[in-house]
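Reminder, nothing fancy here: chain letters follow the sequence lines and each chain counts from 1.
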Amino acid sequence: MDLDPAPRKKQKLADNVSDLFGKNDFYNFELKPDHLDKPIWVCPNGHVFLEAHSPIYQQITDFLIAIAEPVSRPEHVHEYIITRYSLYAAVSVKLDTDYIISVLQTYCKTVNLPSEVIEFIQENTAQYGKAKLVLKHNRYYIESVYEGVLDDLLQIQSVRVAKDTVQSMIIESGENHIEDVREELDRLRDAENVEVAEKVESFEINPDMIEIVRRDCHDENFPLLEEYDFMNDTKNIKLEIDLKPSTHIRSYQEKSLSKMFSNGRARSGVIVLPCGSGKTLVGITAVCTIKHRAIVLCTSGVAVEQWKRQFELWSTVNPANIIRFTATSKDKFPENQATIVISTYSMMGFQGKRSAESQELYDKLKNHEWGLLVMDEVQVVPADMFRKVIFEVKSHCKLGLTATLVREDERIEDLNFLIGPKLYEANWLDMQSLGHIAKVQCIEVWCPMTAEFFQEYLSAKPRKKILLYVANPNKLMTCQYLVKKHEAAGDKIIIFSDNLFVLELYSKALKLPVISGQTSQDERMRILYSFENTSNNNVILVSKVADNSIDLPGANVIIQISSHFGSRRQEAQRLGRILRPKTNMVQTSEFNASFYSLVSQDTQEMWYADKRQQFLIDQGYSYKVMNIVNEVLADQTLKFSNKNEQKSLLERLLQAKDIDDEANEDPDDITPETMSRKTGDLSRLSGQSAGYALQKKSMQRHKMFRMRYKKFKPGT
DNA sequence: AAAGCCGTAA
DNA sequence: GACAGTACGGCTTT
C-alpha cells in the first residue's frame, strides 16, 4: 500500500514574521498601562514567555501547559510555543477557541494579541473533534455527527483507500461469516441508538492503514479524536482492580491523569514526568480507572518484572491476572477473566518465527479488544518496528509515559498521530523544590589533553580521535581526584563510560568492579548488592547498560567519562540515576547529588557535550564549568600522573589503531574466506544461499569503497 | 548458556 | 548533514 504522503503542513507559525532588526524583534508593540502585573509576552511567531516570579505563576503555567509546548524552563523566564498539536491537545480537554484567546489577551503585556496568533489559534481549533476514530468489535470506524465532515475526509486519498479496501476485505473473507453478520447487526443497532440523540455517520476503515490515515488526517487539519467511554463499555469484560487504600497519589500525578480523564472519558496521549517521580504509578492508576483489559509495553525484560511488582504493590489486582509475555516468562491466561498483559516492544514487534507458545499467546492478544495500551519509555515508539505494534494491538485508548521526550531524529513529532497529544509535562525544577526529586548540580570539568595525546589527536582518523580524547590521561586523573574527594565525603559514585576499552582500563587501574553488557546477571546482582548495602564498595564502573532501568537508589554522584555522541536522551537518563529523592533529603538550597561530565578540552568532545546538555538545560538545569586542572596535576599519587605510564597507554592505543587498519581491507581483497571471517556463518541465512548473502554484503559496502576510490583517484 | 540474528541509539 | 560504527538487549534455537 504505497501511498504518497500528503505534503506535511507547517506545524508552527513562521519565524520570519518581522524582518526588522532580525526576526525576533517585536519592538513596536504597545504595552498595557498595567503591563508590570501581566506575566506573559505573546510573540507573533507563537512563542509565549512567562515570568516565573509572577504571583499567578502556577495558574498561568497550568494554562500554558494545556495550550502550548514548553520550550525551555530555566529559573526566571519560561518559554512556550503554541503549535497545532498543542492546540489540538487544548481543545481535547475542552478549552475552546474564544477561551484560549481571551486568557492570552487578559494576561499578556501588550494591548493587542498579535493577529497572526489569533488567526493561528482559530484555524487550528476549528475542526478538532469533528471526526472520531472509534473501535467497535475489533474494527475501526471513522464517525462524525457533523454534516459533510465525512465527505471532506474522503477527499484525502489514504482515507478513501482505507475505506475501500476494508469493504473488499469483508467480502473476500468467507470465514466467520455468521460472526460478521451478527456484529454488523449489533453495529447497526448501536448506531440507531445513538441516532436518537444525534445523527452519527460512519464508515469502517482498513485496520492496516490506521497509521497513515491518522497521519494524513492530522496533516489535513482534521485530527481524529480518540475517546474511550470506558464506564459504558459493557461489551468487554471488566477487570477487577483498584488502588490499595494505602496507595497515595501525588498532586502532579493526579494532575497529569486529570488531563487524560476529564469529562468521564479516557483520551490517548503522552505524559512526561522526570525519572524517579513515579511514572509507573501513573500508568497503574490509569488502569485502575479504566478497569478493562490493559497491555503494558516496556523496553526490557527487567522493566516487565518491575511493572508486575509495582502492580502487586500499589493495586488490588489478583496476581494471577497479570500475564507476563517475554522470551523467558510466558504466564498462563486465566479463563474468562480480564487481564493485564505486560510485554516488551521487541516481543510484540518480533518479525521472525515465533515459538509455538509465543505464537499462541500472541494470537490471543491480537484477538482481544483492549481498554488501554500503556507504553513505557514512549520515545522509542517512533522506531520502525516498534511503531507497528501500537496498531496491531486493538486498544480503545493509549497512554505514553516517558521522562525524556526527545530523539535525535525528527520522529518524536510522529507521536502526535501515533498516540495523541502531549497531555502533561512536569517542570523538573518545581519538582526539585517540592522534594519529589533530588537537587542535582551539573558540572562540566574541562580536562586539557596531554601534549602527546593532543599531538596524535590532530592527525588521527575519526575513530581514533574518539579513543584518544576518551582515554586522555588527564581525564583519568581528574576522575580519580573526584572519586577520592567524594568517597571521603561518604558518597556513592557511578562512573559511566560508553567505551569498553576505557572501561577496562579504569577497572584495572583503579581496581573497581565493572558492569557492562558482557557481565552475567549473577555478577551484576552481586556488584549492585554490595554497592547498595555495604560501605566497602562505594564506586562502580558501568557502560551504557546502566543508562536505563538499573535501580541504584543509594547513588548520589555520577562521573561521566564517555558517552554516545550528542545524545540528549542519554544525558538526561544518566542524570535520572541519581534523581531519586535521598532519604536524608532536607529542604534546603543545598545540592544533594552531583553530575560530572569530564570533557577533553579543545576536542570534538566539547561540541558533543554542549549538544548533550541541551535537554537538561531546557528543563532548567545549568551546567557549571569547573577548573581543577592544577589540583589534579599536583597530585602525584594518582595513577597515570607519571609520564611513562602515559606513554605506554598511548602506545597501546596506537597499536589498537594498527589492528584496525589491518582489518580494513581493500575491496579487491574480499574473498569468500575474508567475508565469512567477518560475518560469521552465512549458511544460516534463511532462504538465501551463502553466495547471495555475500553479494548483498559487499553491495552494502560498495558505497563506502566508491568514496575511497574517489578520494584517492589521481587527476580527476 | 551460548550463538545467531535483528532492531535501536544517533 | 548523513554516515559509520559500537554496544546492547531481546527472541529463538541448540
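The phosphate of dA4(C) (OP1 or OP2) has no side-chain N or O of R463(A) nearer than 4.0 angstrom. Close to dG9(C), at under 4.0 Å from its OP1 or OP2, lies a side-chain N or O of R524(A). S543(A) has a side-chain polar atom (N or O) that falls below the 4.0 Å cut-off from OP1 or OP2 of dC8(C). For the pair S346(A) and dG7(B), the criterion of a side-chain N or O lying under 4.0 Å from OP1 or OP2 is not met. The side chain of R407(A) contributes an N or O atom lying less than 4.0 Å from OP1 or OP2 of dA9(B). For dG9(C), neither phosphate oxygen OP1 nor OP2 lies less than 4.0 angstrom from any side-chain nitrogen or oxygen of T344(A). Contact annotation: S358(A) side-chain N/O to dT12(C) OP1/OP2 distance is under 4.0 Å. An OP1 or OP2 oxygen of dA10(B) is reached within less than 4.0 angstrom by a side-chain nitrogen or oxygen of R569(A).
Figure legend: R354(A) and Y362(A) shown as a cation-pi pair, the cationic atom lying under 6.0 angstrom from the six-membered ring centre and within 45 degrees of its axis.
Across all strands, G349(A) comes closer than 4.0 Å to no nucleic acid atom at all (heavy-atom distances). Among the heavy atoms of the strands lying under 4.0 Å from D498(A) are primed sugar atoms or P, OP1, OP2 only; no base atom is included. Nucleic acid contact for G517(A): sugar-phosphate only, since backbone atoms but no base atoms lie under 4.0 Å from a heavy atom of the residue. T328(A) comes within 4.0 angstrom of nothing in the nucleic acid, heavy atoms only.
Distances from the side chain of S355(A) to the nucleotides dG5(C), dT12(C), dG7(B) place dT12(C) closest. Nearest to the side chain of D384(A), among dT8(B), dC8(C), dC11(C), sits dT8(B). Taking the side chain of L500(A) as heavy atoms from C-beta on, and the options dA9(B), dA7(C), dT12(C), the nearest nucleotide is dA7(C).
At whole-Å resolution of the value, CZ in R387(A) and C1' in dT8(B) are 14 Å apart.
A salt bridge links R526(A) with E523(A); the closest basic N to acidic carboxylate O contact falls under 4.0 Å.
Remark: the backbone N or O of I561(A) is paired with a side-chain donor or acceptor of K475(A) at under 3.5 angstrom. K330(A) places a side-chain N or O within donor-acceptor distance of the main-chain N or O of T326(A), the cut-off being under 3.5 Å.
Using a 30° and 60° split on the angle between ring planes, W370(A) and H368(A) fall in the perpendicular class, above 60°.
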